[in-house]
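In this chain, residues are counted from 1 in sequence order.
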Amino acid sequence: MKYFLPFAGSLLITVSGLAQRDCRWLDYKQQQLKADPSLAEKVEAVESFTRMQLRKPSVAVTGVGTKDNIPALITVPVIVHIVYNSSSQNISDAQVLSQLDVLNADYGKHNADTSAIPSYYSSLAANSGFRFVLAGVDTDGHATTGIVRKSTNATSFTLNDNVKYSSRGGDDAWDRDRYLNIWVCNLSGDVLGYSSIAGGSKETDGVVIRYTAFGTKGTAVSPYNKGRTTTHEIGHWLNLIHVWGDADCGDDEVADTPPQSAATYGSPSGIVVSCGNTPYGNLYMDYMDFTDDIGMHLFTYGQRDRMRSLFAEGGFRQPLLTSSAGTAVTGGAGSGMTVPGTGGGVIVDLHPNPATSTLSVNLQGKARVGGILEVYNQVGMKVMTVRVTELSFQLNVSGLAGGVYFLRLEDGGSSKFIKL
């Protein structure tokens, strides 16, 4: 919303017996700026760079083609730090993978609930052009599942970033130029999550999510059990602001989000007008509002452009484009065999993941029929070889033992799955 209008009302919907969404990104940002006054200059530098990128007369930042060497599909290697005090907080691999599925659906506009977007706002919904994959290589070049588990004596964590330091009962961040750090833990109070700010330090870069609001299964509790807390916080990590601009009819620096008087809570419906945003009212189904998970459905084209501008030449997140952390080491010790996450322009989507008996394989990008698909276990042993006869097919994995596997195509594409 790039303009201000007089206050015209606000919406506050509560759900009896349930805590409201509480993202503490703004509080965290203010806390960080107070602790380090020099940070304000770094944050403003990111904003100035973003404004400059968005003024360039090219549509390519939207993900159709490239702009300033930004690929149409940006792959983000993810490391999930599970910091737990009790067994219930030590969430399963399956719960982690369910969150990755949500992120890829939401940021790729593959989420089924786009059908719930009102017709008058459906044209705003954008494919943001991001793909999130669990890291396959750790900071020392060794194979990793992309999940780190750390037992702690701390019963809960706050905005003081203790969860991001091993010396304070948490787990140290991995290099932000190679990974997106996600910490899953028990956050105190009703806080569901918070994100670092663009321009902040490497040691604290990433997002923190409450273990009961992460993914779609296991410990995830309604109304925050559809993975949208993480979608929201990564939006902040990619420099998005709340849709109401964190002020009464504030500015979120995005042109195609209507002005809005305040956060929206619960699961609203119909047209809710504020700040003179007639005829269609608040965009409360946006991922950057505070509605329940079930009511979040979209990023706009303007939000997409703002996020992607961080990856332009000289941008704050641009180093991630050259990260090889999404490469999975599948060979045995010293074999040197690797599987590029999107090698050769081939994209591999697998569902369901984890799988019990059948895995649906969907090949995109520069995939071709006639190639060879191979499956390796975690120690680099080849356990399956299949010739690709269709770009979408079912793979029978019922005979595999439970564990993590790496699927590789001879064209260079790869992916990772868990067999239950």
Side-chain angles (χ1 to χ4, degrees), residues 1-13 20-34 39-40 42-55 117 121 124-126 128 159 191-200 207 228-229 231-266 268 271-292 295-310 316:
M1 61 192 81
K2 298 294 289 182
Y3 51 94
F4 296 85
L5 292 172
F7 174 73
S10 63
L11 173 69
L12 178 65
I13 298 178
Q20 295 176 343
R21 180 176 299 280
D22 192 0
C23 158
R24 299 295 292 276
W25 170 77
L26 181 60
D27 290 343
Y28 177 80
K29 179 179 181 179
Q30 293 172 339
Q31 173 182 294
Q32 293 294 302
L33 290 169
K34 183 178 180 180
L39 181 59
K42 299 173 184 176
V43 171
E44 179 53 34
V46 173
E47 282 301 315
S48 296
F49 181 88
T50 299
R51 289 191 290 268
M52 178 184 67
Q53 290 300 313
L54 295 178
R55 283 196 297 266
I117 301 172
Y121 275 147
L124 293 180
S128 298
L159 302 185
V191 178
L192 295 181
Y194 69 94
S195 169
S196 61
I197 56 179
V207 303
R228 266 55 193 271
T229 296
T231 297
H232 177 103
E233 297 303 338
I234 290 176
H236 286 312
W237 182 78
L238 291 168
N239 206 30
L240 291 185
I241 303 168
H242 293 131
V243 288
W244 66 100
D246 293 306
D248 185 353
C249 302
D251 187 358
D252 68 350
E253 301 293 339
V254 175
D256 61 357
T257 56
Q260 184 171 313
S261 62
T264 309
Y265 295 98
I271 294 175
V272 180
V273 174
S274 67
C275 305
N277 58 14
T278 55
Y280 303 126
N282 298 349
L283 191 68
Y284 54 73
M285 66 290 305
D286 192 281
Y287 294 127
M288 300 313 294
D289 206 336
F290 272 16
T291 48
D292 293 346
M296 291 182 161
H297 310 309
L298 67 96
F299 287 118
T300 70
Y301 286 88
Q303 288 173 320
R304 175 190 64 181
D305 291 356
R306 181 173 169 84
M307 290 188 286
R308 291 176 61 84
S309 69
L310 293 179
F316 185 71

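- Remark: T257 OG1 to Y121 OH distance equals 9.5 Å, nearest 0.5 Å.
- For Q303 against L298, the heavy-atom pair with the smallest separation is OE1-O, 4.4 Å.
- Below 30°, between 30° and 60°, or above 60°: for H236 and H232 the angle between ring planes is above 60°, a perpendicular geometry.
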Quiz prompt | Chi angles and distances behind the salt bridge (charged side-chain N to carboxylate O under 4.0 Å, His left out) call for E47, R306 | solution = CA-CA 10 Å; E47 282 301 315; R306 181 173 169 84; 2.6 Å; yes
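- In this structure, CG in L283 is found 10.5 Å from NE2 in H297, a value given to the nearest 0.5 Å.
- Put simply, the side chain of C23 reaches to within 4.5 Å of the side chain of E233, judged on heavy atoms.
- Proximity of a side-chain donor or acceptor of Y301 to a complementary backbone N or O of L124 within less than 3.5 Å is not detected.
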Quiz item: Given the rule in the side-chain contact (heavy atoms from CB on, under 4.5 Å) test, do W244 and S261 qualify, once you have shown the distances and angles that lead to the verdict?
Solution: CA-CA 6 Å; W244 66 100; S261 62; over 6 Å; no
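- For the residue pair R21 / T229, a side-chain donor-acceptor distance below 3.5 Å is found, with atom types taken as modelled.
- At least one side-chain heavy atom of L33 sits less than 4.5 Å from a side-chain heavy atom of K29.
- Using a 4.5 Å cut-off on side-chain heavy atoms (C-beta onward), Q31 and L159 make contact.
- Here CG of L238 is found 14.0 Å from CZ of R304. Values are rounded to the nearest 0.5 Å.
- Looking only at distances, a side-chain donor or acceptor of D286 sits under 3.5 Å from a matching main-chain atom of M288.
- The CZ atom of F290 sits 4.0 Å away from atom NE2 of H242, with the distance rounded to the nearest 0.5 Å.
- Summarising the geometry, atom CD1 belonging to I241 is positioned 7.0 Å from atom CG belonging to D251; distances are rounded to the nearest 0.5 Å.
- Donor-acceptor pairing under 3.5 Å is lacking for the side chains of D305 and Q53.
- Between Y194 and Y28, the two ring planes are tilted [angle within 30° to 60°].
- Side-chain atoms of F299 and L240, non-hydrogen and from C-beta on, do get closer than 4.5 Å to each other.
- When each of E44, Q32, K34 is checked for a side-chain contact (heavy atoms from CB on, under 4.5 Å) with L39, only Q32 meets the rule.
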